[in-house]
Amino acid sequence: MTDQTRPPTGLAIIGCGRISGAHFAAAASLPGHVRLVAAVDADRAAAQAAAAPFGARALTSLEEALALAEVEAVLIATPNALHAEQSLAALRAGRHVLVEKPVAETGADAAMLAREAQARGLVLAAGHTFRHNAAVRCIADILSGASAERSAQFGRLRALEVSTCVKWDGPQAPWWAERSPEEGLILSLFAPHALDFVQLVMGDDDPVRVHAEAARHQSGWQGEDEAMILLAYPGRRMASVHISYNQPSVLDRKVLHFEHGVLEIEHGEILRWNGEVLVTPPEGVLANPRAMGGRRLDHYFTDQLREFVQALRGEPHRCPTGDDAARLITLIDRVKASARANSAADAIDPPLLAE
Ligand SMILES: NC(=O)c1ccc[n+]([C@@H]2O[C@H](COP(=O)([O-])OP(=O)(O)OC[C@H]3O[C@@H](n4cnc5c(N)ncnc54)[C@H](O)[C@@H]3O)[C@@H](O)[C@H]2O)c1
């Protein structure tokens with residue numbers, strides 16, 4: 001529980017684009033936790049439109065926001081390539097940071113940010129939004145030993161399958177089209193969510209072997225838009241991840257194979273143990289789970305921001321830390337390297353039939 005007697009944390013949101021609406025809505029719904037001081041975007045009109053409902057300042061650069069003493073924390077929702085430099089600038093200016101996934105483009109940069117935050121006693125939290133989901137939280141609690149009875153009932157974990165397949169018909173922001181195959185498209189934009197869940201389940205272990213295949217099916221971008229990843233973990237545990245931007249019938253499924261049965265999250269929300277329903281989503285969250293936009297996600301962003309404030313107040317929280325993020329991005333480096341090595345340049349980026 002957050003201490004309601006403390007004044008709300010002064011927040012600046014950097015990047016007022018596509019996903020920012022969810023962050024601004026979260027800020028609006030948590031007046032006891034945050035006070036929006038500034039909305040920042042390189043596009044002044046976007047900053048003004050976002051700032052107006054809050055009576056906040058509209059600024060065009062991070063530096064202007066960092067010059068305001070009332071800004072205690074920043075939420076960074078700019079294009080991926082800016083995350084590391086903007087997070088570093090904010091940390092060096094003594095501000096707590098919640099940064100959208102991926103925290104950085106490379107594991108080395110993410111680790112550098114984690115060290116910087118730790119050295120300064122600041123919170124660096126990663127926008128691994130789907131951790132703030134009741135089914136995922138329930139699994140995290142069970143695996144962390146909070147429910148010894150359930151853990152004993154499950155037995156040992158052998159394997160984990162994650163499928164997160166959606167349809168993005170071309171670039172959702174202009175910079176998606178500009179990313180080179182080496183920078184990665186789905187492996188840097190979407191894999192963080194799926195692999196964060198794998199890391200959550202596998203605990204402190206990193207995989208001993210990583211194998212990835214990636215391909216491009218759409219012509220509106222240069223990077224891969226479909227990938228399959230196979231991971232071997234200590235203890236003979238294995239994980240497979242299938243992510244896609246090409247599937248119009250949305251599929252979001254996580255299956256954990258335990259010694260005594262199957263734990264499954266269907267449609268990203270409904271948790272079942274051998275068919276017994278353990279968690280269902282709040283009313284109205286799943287309108288049409290097989291359709292893009294058919295599932296409400298706004299409450300995750302609210303929970304994420306609330307947990308961030310709890311973290312920077314030194315209260316118990318569920319924010320993924322800088323170290324969690326650095327391990328994740330280091331894994332993504334390995335996944336991207338495997339995909340590139342396996343493709344020998346032409347499987348990720350083959351000539352499309354229509355080209
Ligand atoms: N957590 C999630 O589920 C989720 C979902 C979508 C996107 N994201 C992440 O959010 C980030 C933003 O994605 P988006 O789709 O909103 O992109 P977007 O391009 O729509 O928005 C980015 C905004 O940043 C602004 N900008 C660019 N350079 C800037 C600078 N130097 N200073 C300030 N503003 C600047 C742009 O003008 C734009 O308005 C990405 O990193 C993406 O991976 C996360």
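All residue numbers in this chain count up from 1 along the given sequence. Order of listing sets the numbers, starting from 1, for every ligand and every atom in it. It should be emphasised that the depicted structure is a prediction, and the values quoted were computed from it without experimental measurement.
Proximity of H128 to ligand 1 is not established, as no heavy-atom distance is less than 4.0 Å. Not a single heavy atom of L62 sits closer than 4.0 Å to an atom of ligand 1.
Scanning the protein heavy atoms around atom 15 (O) of ligand 1, the nearest turns out to be R18 NE, 2.9 Å. Looking at atom 23 (C) of ligand 1, its nearest protein heavy atom turns out to be D41 OD2, 3.6 Å. Looking only at protein heavy atoms, the nearest one to atom 32 (N) of ligand 1 is Q86 NE2, 3.5 Å. Of the protein's non-hydrogen atoms, the one nearest atom 3 (O) of ligand 1 is H193 NE2, 3.3 Å. Regarding atom 33 (C) of ligand 1, its nearest protein heavy-atom neighbour is A42 N, 3.5 Å.
F190 and W168 have their aromatic ring centers separated by at least 6.0 angstrom.
Listed by chain and number, the hydrophobic cluster partners of L297 are I19, F130, Y300, F301, where partners are ILVMFWY side chains within reach of under 4.5 Å, directly or through others.
The heavy atom nearest to atom 22 (C) of ligand 1, out of those in A77, G127, A173, is found in A77. Between the choices T129, I19, N80, the shortest heavy-atom distance to atom 40 (C) of ligand 1 belongs to N80. When F190, W176, Y300, W175 are ranked by how near their heavy atoms come to atom 17 (O) of ligand 1, first place goes to W175.
By the criterion of a heavy-atom distance under 4.0 Å, the side chain of L189, and not its backbone, is placed next to ligand 1. Neither the backbone nor the side chain of A46 comes within 4.0 Å of ligand 1, counting heavy atoms alone.
Shown here are the salt bridge (Lys or Arg N to Asp or Glu O under 4.0 Å) partners of D252, two or more places apart in sequence or in another chain: K254, R295.
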